[in-house]
Amino acid sequence: MTTEPLQKEQGSISVNTENIFPIIKRSLYSDHEIFLRELISNALDATQKLTYLSSKGEFEGELGDLTIRVSIDKEAKTITVSDNGLGMTGEEVRQYINQVAFSGAEEFVKKYSEAKDAKEIIGRFGLGFYSAFMVSSEVEIQTLSFREEAQPVHWTCDGSTSYTLDAGSRTERGTSIILHIDGDSEEFLDSFRLKNILSKYFKFVAFPVALEDEVINPVPPLWKKTPSGLEDKDYLEFYKTLYPFGEDPLFWIHLNIDHPFNLTGILYFPKIKKEIDPNRNRIHLYSRQVFITDEVKDIVPEYLMLLQGVIDSPDIPLNVSRSYLQSDSNVKKISGYITRKVADKLSEIFKEDRAKFEEKWEDISLFIKYGMITDEKFNEKAEKFLLLKSTSGKYYTMDEFRDFTAHAQTDKEENFVVLYTNDEHKQDLYIKTANDKGYEVVIMDGFLDSHLIGHLERKMEKTRWARIDSDTIDKLIPKSDDEDKSTHLNEEQQNSLKSLFQKVIPNELYKYETREMGENQLPVVIIRNEFMRRMQEMNATGGMGGFNFPENLEVMLNTSHASIQKLLETQDETLAQELMDLALLTQDLLKGKDLTAFIQRTVGLLR
Ligand code: ADP
Ligand code: MG
């Protein structure tokens with residue numbers, strides 16, 4: 001090791017690509033701020049290495065203040081990043097800056113020129129020390145190694161491929177990087193701007209980082225602590241530091257794994273309402289406590305993106321393309337691990353505190369359903385804690401619901417029938433009719449519920465889902481053939497009834513049928529065939545190639561009802577109209593002029 005003061009030396013960095021700096025500069029215009037991420041990461045590394053050497057007894061001096069300082073000199077147009085880490089000797093500068101750092105830059109340029117989509121690598125590629133040239137016309141290093149008798153070294157480079165190396169002026173151990181900010185990057189001389197960047201990337205790093213004298217990372221990273229020593233309030237407070245304007249989360253999972261990859265973090269379950277808010281707070285991805293991105297799309301399955309919090313892993317490759325990320329086995333393992341952890345946590349709450357689980361159901365169900373539909377592994381676990389809420393206010397798991405209702409709700413073909421409503425209020429009459437018959441009706445009015453029904457039907461054998469208004473009550477769950485009674489009327493009588501209604505309410509979409517439904521049922525009942533309605537719904541969401549066909553409504557004339565029988569004799573058109581309007585009302589289909597006419601007519605009749 002040289003202890004002699006350095007003789008001024010000039011050299012040129014061994015470069016094949018002459019134009020490396022212009023490329024670095026131009027190619028990264030949208031992400032210029034990452035120079036700070038790179039330089040401070042290096043300062044953190046240098047500080048970390050020194051504390052490691054100290055703990056091993058290989059450095060015996062005082063560690064002293066290890067704060068990494070960023071300062072701005074507006075007059076001189078410089079930014080200085082300074083650390084009290086292990087510093088470099090002249091030999092090390094030659095090796096690490098002229099060679100190592102450069103090879104990183106060279107690799108970048110190579111990747112950049114080869115990449116089909118340059119944007120892919122921008123921002124994901126850790127450019128290292130040379131990213132300083134994105135914002136600087138000249139960069140200086142003043143450094144003094146921790147090694148005994150080391151001499152301070154001064155390195156300069158103006159962004160061309162030549163550098164100078166001579167005796168430095170630094171008197172204390174560590175390194176200062178002095179950036180002479182380029183004319184078109186002067187925005188970075190603004191302390192407000194710099195503070196924002198520092199807070200974004202270094203809020204949770206292990207050593208203090210200060211802009212001028214203000215430390216930007218006073219809050220320690222909670223995810224690095226042992227869960228057993230933490231209380232609810234610690235997690236809630238930490239949540240506030242991540243998302244100052246967020247509503248308190250419902251619960252959280254502390255992640256900690258070191259094999260077969262390294263990952264720590266805290267995932268929070270936010271309240272997720274009926275719809276997914278695109279501006280929601282997102283998961284932050286860190287690598288060794290340095291913020292990387294909140295675009296975690298390729299790292300966690302889509303439904304997990306509804307969660308919030310921090311994932312910290314040095315094993316997630318960040319300097320590669322998206323398509324690579326998707327096939328990367330570490331990334332796959334990581335998302336598999338998170339999926340399992342999340343499912344286990346939900347399952348744990350479900351088992352240990354069913355009341356709490358039910359209480360929070362409304363806020364977590366969208367997440368669970370989304371997961372079940374899109375992730376097979378999650379589905380396997382979630383099947384056991386998916387809750388169905390019935391109109392009587394009870395919550396059942398699928399198994400419980402079957403146990404509780406199978407005796408009543410199994411049809412003649414041994415299919416278990418799940419009756420559901422997608423609108424408790426509009427379908428109130430249908431629900432009441434079903435309840436009177438001893439059937440339990442579940443509420444499926446969520447954003448994903450029609451998808452979930454399809455999903456569950458595919459998963460579960462001999463189970464059929466039927467919306468409560470998809471048939472008359474006796475046909476919803478057909479029991480035996482002999483119950484399949486049509487009507488005691490002869491064909492002529494049936495036809496006369498149908499044509500009376502057709503005459504009074506002429507609408508091609510209404511298909512009139514006669515049926516013996518019992519005196520307790522309404523005289524006229526409108527039903528919406530489950531199959532036809534689902535086709536219609538798929539159609540509405542573009543699933544049928546946009547082909548639009550109107551939905552036929554089946555109108556059942558209850559021939560066991562006295563008022564229908566009366567119609568046979570009287571052919572009373574007003575009565576027919578009244579009965580039909582009542583049926584339309586139960587389906588919320590009576591609107592506008594028709595509704596007004598109904599009200600006026602009824603008031604008249606009451607007089
Ligand atoms: P990387 O950090 O990936 O190694 P960089 O281009 O960022 O690549 O840095 C190259 C090398 O320069 C580092 O590995 C380190 O040896 C040295 N170096 C850079 N900054 C510092 C610093 N502040 N203190 C000590 N060494 C440094
Ligand atoms: Mg680096």
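Counting starts at 1 for both ligands and their atoms, in listed order.
- The pair Glu376-Lys459 meets the salt-bridge criterion, since a charged nitrogen lies less than 4.0 angstrom from a carboxylate oxygen.
- Counting heavy atoms closer than 4.0 Å to ligand 1, residue Met88 contributes side-chain atoms (C-beta onward) but none from N, CA, C or O.
- Residue contact check: Ile97 has heavy atoms under 4.0 Å from atoms 12 (O) of ligand 1.
- Look at Glu38 and you'll find every heavy atom at least 4.0 Å from all atoms of ligand 1.
- Under the 6.0 Å cut-off for aromatic ring centres, Phe238 and Tyr268 do not qualify, their centroids lying 6.0 Å or more apart.
- The ring pair (Phe, Tyr, Trp, His ring centres under 6.0 Å) with Trp223 is formed by just one residue from the set Phe204, Tyr235, Tyr239; it is Phe204.
- Interface atoms of ligand 1 facing Phe129, defined by a heavy-atom separation under 4.0 Å, are 5 (P), 6 (O), 7 (O).
- Judged by distance alone, the side chain of Ser313 and the main-chain N or O of Asn262 form a donor-acceptor pair under 3.5 Å.
- Remark: aromatic rings of Tyr370 and His451 are distant, center separation not under 6.0 Å.
- The environment of Glu302 atom CD is sparse: at most 12 non-hydrogen atoms of other residues, nucleotides or ligands sit within 6.0 angstrom.
- Under 4.0 angstrom from ligand 1, there are no non-hydrogen atoms of Thr143.
- One N or O on the side chain of Thr51 and one on the backbone of Gln48 form a donor-acceptor pair closer than 3.5 Å.
- We find that Glu91 and Arg147 are not joined by a salt bridge, their nearest charged nitrogen and carboxylate oxygen being 4.0 Å or further apart.
- For Asp190 (side chain) and Glu187 (main-chain N/O), no donor-acceptor pair under 3.5 Å exists by modelled atom type.
- Ion pairing of Glu358 with Arg354 is present here, as a side-chain N (NZ or NE/NH1/NH2) and a carboxylate O approach within less than 4.0 Å.
- Close approach to Gly128 involves these atoms of ligand 1, each under 4.0 Å from a residue heavy atom: 5 (P), 6 (O), 7 (O).
- Contacts between Ile177 and ligand 1, counted as non-hydrogen atom pairs separated by less than 4.0 Å, are absent for every part of the residue.
- Which of Ile40, Leu50, Asn42 comes nearest to atom 7 (O) of ligand 1 through a heavy atom is settled by distance: it is Asn42.
- Here 1 is the count of protein N, O or S atoms positioned under 2.8 Å from the Mg ion (ligand 2), waters not counted.
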